[in-house]
There are 2 protein chains.
Amino acid sequence: MPTVSSEELAAAAGVNSAKLRKDFSYLGSYGTRGVGYDVEYLVYQISRELGLTQDWPVVIVGIGNLGAALANYGGFASRGFRVAALIDADAAMAGKPVAGIPVQHTDDLEKIIKDNGVSIGVIATPAGAAQQVCDRLVAAGVTSILNFAPTVLSVPDGVDVRKVDLSIELQILAFHEQRKAGEEAASDGAGPAAVTREESARSADQGPDGDVPAVMPA
Amino acid sequence: MPTVSSEELAAAAGVNSAKLRKDFSYLGSYGTRGVGYDVEYLVYQISRELGLTQDWPVVIVGIGNLGAALANYGGFASRGFRVAALIDADAAMAGKPVAGIPVQHTDDLEKIIKDNGVSIGVIATPAGAAQQVCDRLVAAGVTSILNFAPTVLSVPDGVDVRKVDLSIELQILAFHEQRKAGEEAASDGAGPAAVTREESARSADQGPDGDVPAVMPA
DNA sequence: ATGTCTTTGTGAACGCGTGCACAAAGATGG
DNA sequence: CCATCTTTGTGCACGCGTTCACAAAGACAT
């Protein structure tokens, strides 16, 4: 039986082994003392807890460049997502296939949601249309929305919204870039706002995690 | 002189006023006791600290659907970013304009970077090409990379990489969705892994912040 | 069976970020 | 010029998440 110890996993992931064990313990996934975790069972447990074993039908509304990019994105299928439908307001696009899936018109939005049992919607429309689309999705039964439009959506309680702003990541890079450039100039110790830049402990940090606090950067 | 108090700002932003003041104090931006912060000066200070007053030329490599979507994205200009060039490996695309900018061939990558003084690169290529493109960008002088390809890039020290995985946000939504569905079923108290789901204190949280820890969800 | 050795699971301590509460500072009015 | 009032800037305490450290548990050898 192939197994891994928490120590091995922690080293590979770059995290603390105790934290990893504690996290696993919340899952109820029992390892074997003196041996480690059964790899196959562990994978199954985590997959199930994360919802990877389920089939999540999603609809993408707004088939412009971004919507098309999302429809073509390969990473979805392996994580349990299935693009159930593509929806666009442009009647000229109706019927045309994108990524092998025919585009349907906004008029049929409600029917599409219900027929496919969709609970997750992706909004890739222009900013002006986003709230309206959102309202219709919610009314049709969608309870989770991924919003790429540069608008903050208002939704009733019980509906989750996650906003993806593609320029924020660039912003963060630019901020660090500025610090790099200003470092030698700032080393004279003068000037206000001489916020010291601490190097990230984990050099391999490539995630969208809280490097930069809500109001002010670290 | 138009001013704002930390209290007003905090209420508007949905954060604690003391934290806001403390953050501002790191900036060295002085408010006036009894009055508040001079709006104009504050905007200038924050803009400058965040790099919004600078001009950041960026190149986008890989002009597929996603690259085109990024080139067309309106949010960049207002944040100090300027798309200096679009680069693609497909010779047939060379010269064709996308979002009003002619696509250039990968062969000229190094020259483009140097001529425009680019320090930030965006990779929107297929996974297979990403590392190679990354290496060339870095060799040409790029020190910050925004990576949309589903690969972890390895870069030398001093180069910042941020990876954007479009499916991760969906993953998080699906996870919450699963919890919603499983809540009534789990209320019988039986079964392992009955991790309680606490409602987010801030209902308006739409950001890509650490809702879900590295290894296990909250 | 008994002992040793490895690795888990977890109680307890540590550290850090957030929020409270208040003194200092400056404006404003008499 | 003094009193009062507002709002900042910040020391301090609280709470939460991470890490340490160790006892319990099981495998494996003798």
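Here is the naming used below: chain letters follow the sequence lines, and residue numbers restart at 1 for every chain.
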From CE of B/Met1 across to C1' of C/dA27 the rounded distance in Å is 11 Å

Would you mind reading off the distance between B/Tyr26 atom OH and D/dT8 atom C1', rounded to a whole angstrom?
15 Å

Choosing from C/dT8, C/dA27, C/dT10, which nucleotide comes nearest the side chain of A/Ser25?
C/dT10

Earlier contact from the 5' end, DNA chain D, for A/Asn16 and B/Tyr30
B/Tyr30

Euclidean distance, atom CG of residue B/Asp38 to atom C1' of D/dT8 [Å, nearest integer]:
15 Å

Just so I know, are the side chains of B/Asp55 and B/Phe81 near enough to count as touching, which here means a heavy-atom distance under 4.5 Å?
no

Round to a whole Å and report the spacing from CG of B/Asp23 to P of C/dC16.
17 Å

Taking the side chain as C-beta and beyond, is there a heavy-atom pair between A/Gln178 and B/Trp56 under 4.5 Å?
yes

For the pair made of CG in A/Leu42 and P in C/dG9, what is the distance, rounded to whole Å?
10 Å

Among the nucleotides C/dA27, D/dT19, C/dT10, whichever has the atom closest to the side chain of A/Lys19 is D/dT19

Side chains of B/Gln131 and B/Ser154 in contact at under 4.5 Å (non-hydrogen atoms):
yes

Closest to the A/Ala18 side chain, choosing from C/dA27, D/dC20, C/dT8:
D/dC20

As a test of understanding, state which of A/Asp165, A/Ile123, A/Val133 forms a side chain to side chain contact (heavy atoms under 4.5 Å, CB included) with A/Asn147.
A/Ile123

Check nucleotides 22-26 of chain D against the protein and report each pair of N or O atoms closer than 3.5 Å, with its distance, or say if there are none.
{"unit_1": "D/dA24", "atom_1": "N3", "unit_2": "A/Arg33", "atom_2": "NH1", "d": "2.8"}
{"unit_1": "D/dA25", "atom_1": "O4'", "unit_2": "A/Arg33", "atom_2": "NH1", "d": "3.4"}

By nearest-nucleotide position on DNA chain D, the 5'-leaning member of B/Lys22 and B/Glu7 is B/Glu7

From CG of A/Leu20 over to C1' of D/dT19, roughly how many Å is that when rounded to an integer?
13 Å

Taken to the nearest whole Å, CD/B/Glu8 to C1'/D/dT8 is 14 Å

Using a 4.0 Å heavy-atom cut-off across all strands, classify B/Ser6 as base, sugar-phosphate, or nothing.
sugar-phosphate

